[in-house]
Amino acid sequence: MPELPEVETVRAGLEKHVVGRTITDVEVLHPRAVRRHVGDAPDLIGRLRGATILAARRRGKYLWLDVEAPRGVDRFALVVHLGMSGQMLVARVGAPDHTHLRVRATLDDGNELRFVDQRTFGGWHLDDYVDAESADVDTELPGDPASLPRSIAHIAPDPFDSGFDRDEVVRRMRGKHTEVKRALLDQSLISGVGNIYADEALWRARLNGARVTDGISRRKLAELLDAATAVMSDALAVGGTSFDALYVNVNGQSGYFERSLNAYGRAGQPCRRCGTLMRREEFMNRGSFFCPKCQPRPRQ
DNA sequence: CCCCTCTCCTGATCGC
DNA sequence: TGCGATCAGGAGAGGG
């Protein structure tokens, strides 16, 4: 599933392949893909037609293209969320449509930017900017790295964001009474972490996800956040190498990092640290993988 | 306000 | 071979 490392790989690909291009036309093939857009599909199409892509940015699992309308009259964000299965692909005009093609943006260089999404949890929408530090005030510098699309102003900095403050996240976690895995997945506390990297970080920090945040030491929570940062950094290092000239990679899985996973998907296999058989348990309607010896369950 | 459950969606896979 | 059940989970709405 696309979490921070996969989304960053996509962002880097877009920066390389579509920044500087002008959108000549847009086609929405599935209305659900633009359901978060305020306004209808024709509105989104009309505003993107003729617009130039100035930059590709990201926070957590959200990415956006910084876009300028013709003659510089309007500056806004084309916000993309990949959801569970979304892909941003660059293809030659006239290449056969992908099976789950949802939106097509034709560019001025003979390529198309395609949003392909099997499960349609993701989508595109247009948004204006607010200042990142005071999320309710319009920024003087739309598209500036310090500004965010309004709809994602509630998303916390991710560990690779210059505004990320690990000790502040620890403090806020300890101010809550909730299971620590739930907190790791809370995008308003720390963004970019999804189910896979949450399990990996908990395994690295030898912490059970069912432990309650206000009962964990500052030191241990700091170790957990450092582990989350490290595992996503490791994954990015191998995920960022796998796109070719016309393909902005997101494989919807964990890419080349899959072979490096220590927890996710390893139920019944020996823990790579102690050899104990890994377990899978249901949590928040999704799977959680952990070593029962290294990551002992809290007492009830 | 805070916490937590539910729901959206579709293709792959499995058991009968 | 066919078919129904199950599984995958990001994130926001809504309930308690």
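Order of the sequence lines sets the chain letters (A, B, ...), proteins ahead of strands, with each chain counted from 1.
- In the set B/dT10, C/dG10, B/dC4, B/dT10 carries the atom at the smallest distance from any side-chain atom of A/R119.
- In this structure, A/R32 reaches the sugar-phosphate backbone alone: every heavy-atom distance under 4.0 Å involves primed, P, OP1 or OP2 atoms, never a base.
- One side chain, A/D214 or A/H177, offers a donor N or O that lies under 3.5 Å from an acceptor on the other.
- Nucleic acid contact for A/R280: sugar-phosphate only, since backbone atoms but no base atoms lie under 4.0 Å from a heavy atom of the residue.
- A straight line from NE2 of A/H125 to C1' of C/dG12 spans 13 Å, rounded to a whole angstrom.
- Side-chain contact, A/T120 with A/R32: a donor N or O sits under 3.5 Å from an acceptor N or O.
- With hydrogens and angles left out, the side-chain atoms of A/S191 and A/K61 include no donor and acceptor closer than 3.5 Å.
- Checked by atom type, the side-chain pair A/D108/A/T24 shows no donor-acceptor distance below 3.5 Å.
- With 3.5 Å as the limit, one finds no donor-acceptor pair spanning the side chains of A/N262 and A/R204.
- For A/R286 and C/dG10, a side-chain-to-base donor-acceptor distance below 3.5 Å is present, hydrogens and geometry of angles not being considered.
- Residue-level contact check: A/Y62 touches the backbone only, with heavy atoms under 4.0 Å from sugar-phosphate atoms and none from bases.
- A/F289 places its CZ atom 7 Å from the P atom of C/dA8, with the value rounded to the nearest Å.
- Within the structure, a side-chain polar atom (N or O) of A/T178 is placed less than 4.0 Å from OP1 or OP2 of B/dC4.
- Note on A/E223 versus A/R206: no salt bridge recorded, every NZ/NE/NH1/NH2 to OD/OE distance being 4.0 Å or above.
- Both A/I155 and A/Q118 lie near DNA chain C, and the one whose nearest nucleotide falls closer to the 5' end is A/Q118.
- Of the side-chain N and O atoms in A/R182, none sit less than 4.0 angstrom from OP1 or OP2 of B/dC3.
- With hydrophobic clusters built from ILVMFWY side chains whose heavy atoms lie under 4.5 angstrom apart, A/V28 does not share a cluster with A/V38.
- The shortest distance between the side-chain N/O atoms of A/R35 and the OP1/OP2 oxygens of B/dC8 is not below 4.0 Å.
- Distance, A/E282 CD to B/dC4 C1': 15 Å, rounded to whole Å.
- One atom, CG of A/D186, and another, P of B/dC1, lie 15 Å apart when rounded to the nearest Å.
- Computed from coordinates, the A/H81 NE2 to B/dC9 C1' distance equals 15 Å when rounded to whole Å.
- In the helix from B/dC2-C/dG16 to B/dC16-C/dG2, the terminal helix axes, each the rotation mapping four pairs' C1' atoms onto the next four within five end pairs, subtend 50°, rounded to 10°.
- Whole-Å rounding puts the A/R36 CZ to C/dA13 C1' distance at 12 Å.
- Annotation: cation-pi geometry not satisfied between A/R279 and A/F289 (NZ/CZ under 6.0 angstrom from ring centroid, within 45° of ring axis).
- A straight line from CG of A/L189 to P of B/dC4 spans 13 Å, rounded to a whole angstrom.
- Using a 4.0 Å heavy-atom distance criterion, A/G287 is classed as a sugar-phosphate-only contact.
- In this structure, A/F283 atom CZ and B/dC3 atom C1' are separated by 12 Å, rounded to whole Å.
- Close to C/dA11, at under 4.0 Å from its OP1 or OP2, lies a side-chain N or O of A/K61.
- The shortest distance between the side-chain N/O atoms of A/H100 and the OP1/OP2 oxygens of B/dC9 is not below 4.0 Å.
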